[in-house]
Amino acid sequence: MKSIESATLFLQSCFDEKGLPEGYTEKNLLDLYSLSADPSFAANLFKIATTIRDLNLGSSPWWSAGISAITPCEIEPSCTYCTFFTRSAAEIEDIVAAAQAIASLGIRHLHLSGGSRLATEGAAFSGYDSQMIDLVSAIKDAVDMEIEVNVGPSLTRKGVRALQKLGVVAVTSSLEVFNSNLFERYKPGDSLSGRIRLMEICEEEGMPIRSMILVGLGESDEDRIAHLIFLRRFSMLRHLRFSRFIPFPNATAGGVRCSPWPVARLIAVARLLLPTIDLGLAAGNSPDDLPLWWLAGGGNQVLGASVSMRVPQGKGTGEGHVITVNERVAVHNKMQQITRYLDELGLTPIFLK
Ligand code: SF4
């Protein structure tokens, strides 16, 4: 039976940069997670999580940026909570122009994300291997930036190797929800096994991995903790981002927006399990979530600018300053707003060199 006393004792045993002590159990983590629903207990968990974050990653957030909808999504039927995919391909020149505009802000870290085309292993390139190789080559020719790639389970081993040669710093494979029934219900055209396989390929090839968890789709506490424990087996995992479920207008999934509280608590438990991993915020969160994220041991990457290749010029997404690149591309610069939010936490964001 869980008790505050035994959970507190366990929590105290995590109090160094290594996070969890040897011999921890899934039940230890489940107890911590469920007890942290009480804010007074969560305060203890957050304190230890932030200490582990500071010991391993320091206390300086650093700027990153994203360009989304770079590839059409060919998943049919589409995921029932998703309305942010595109069915048309973006021009390489426009994506390069967006990357140059982001670089002009001083940002040196870029993640490229798009829809999926399921890949099959074989002699030839498959999925989006060739498109990503061409795109990364073009961006690398134009700007000096670290590039991460996220096109779902659309890359083969050959594609991963080619991207590694081009200097890609991470490939994303997001399991989203670690419950195969829920995955099939909400992502009926997608492949959980394909996503796990891509993580395994990256692990075997020495390619850093970035992954995402979607919180609030209907998964249990057990599913959330099992998801974190599963990810811990990947020694190449470098980034884990947490999405907060939001029922986008016109999405058939319906439902109610997830509170930031279970997300923050899960980040804190993730910090114990994954002490050196960058834990970030993804879709469904906003800059308003930054204080709780930081307080819970999140860090250290912050998204300063974004471009969606499906949003017409002048109509960036969310708050911030819109920089028009051309008639088809606009960069949404949130650095000013985020700098103010971080400053009010006593933090100063830095640029990668
Ligand atoms: S695979 Fe990604 S982009 Fe495509 S429908 Fe699903 S969530 Fe949307």
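Whatever order the structure lists them in is the order used to number ligands and atoms, beginning at 1. Below, all heavy atoms of this structure are taken into account, side chains as well, without hydrogens, waters or symmetry copies.
Counting atoms of ligand 1 from 1 in the listed order, those under 4.0 Å from a heavy atom of Ile75 are 1 (S). Short contacts between ligand 1 and Cys73, defined as distances under 4.0 Å to a heavy atom of the residue, involve ligand atoms 1 (S), 3 (S), 4 (Fe), 5 (S). Of all the atoms in ligand 1, the ones that sit under 4.0 Å from a non-hydrogen atom of Phe85 are 3 (S), 5 (S).
Under 2.8 Å from atom 8 (Fe) of ligand 1 lies no N/O/S atom of Cys79, from backbone or side chain alike.
Taking the six-membered ring for Trp and the full ring otherwise, the centers of His109 and Trp62 sit less than 6.0 Å from each other.
Classification of the Phe248-Phe84 ring pair by plane angle, with boundaries at 30° and 60°, yields perpendicular.
The presence of a protein heavy atom under 4.0 Å from atom 2 (Fe) of ligand 1 is ruled out.
Within a 6.0 Å radius of CD in Glu204, more than 12 heavy atoms belonging to other residues, nucleotides or ligands are found.
In this comparison of Ser113, Cys82, Ala69, Ser78, the heavy atom closest to atom 7 (S) of ligand 1 sits on Cys82.
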Inset, instruction - Take Phe46 and Trp293, measure what ring pair (Phe, Tyr, Trp, His ring centres under 6.0 Å) needs, and give me the verdict at the end. - result: CA-CA 10 Å; Phe46 289 2; Trp293 163 77; over 10 Å; no
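Under the 3.5 Å distance criterion, the side-chain polar atoms of Arg241 are matched with a main-chain donor or acceptor of Leu281.
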